[in-house]
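One structure is given here, and the rest of the page talks about it.
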Amino acid sequence: MPKFLLLLFMLLSLVVESPAAPAADHRPRYTAYKHRGDARKRYRRMGVIGRWRYHQRFKRKQQSKGRKGVIKVGKPQGTMPRR
């Protein structure tokens, strides 16, 4: 009987002193970790409405930039010197 109680005490002390497992409610800081390797599937993950909104924002941004200015140069002032 004393050996059984000693064994039981040892087992309980091992369970109590074991390192605690991480909490079950742990969530990563950044939610896209699970999609790290499949960047090519980004638009499929966004869904139909997400893709449409993304495209609308892109078009609006392009329109707001306007046309790029054209650089105009005049006639050359002289010729290159001969050797």
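Note that the structure is predicted; figures quoted are calculated from it, not measured.
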Do Ile49 and Arg53 touch side chain to side chain, with heavy atoms closer than 4.5 Å? yes
Residue set satisfying side chain to side chain contact (heavy atoms under 4.5 Å, CB included) with Gln63, at least two apart, ordered chain then number -> none
Residue set satisfying side chain to side chain contact (heavy atoms under 4.5 Å, CB included) with Arg51, at least two apart, ordered chain then number -> Tyr43, Met46, Val48
Taken in chain and number order and not counting sequence neighbours, the residues that satisfy side chain to side chain contact (heavy atoms under 4.5 Å, CB included) with Lys72 are none
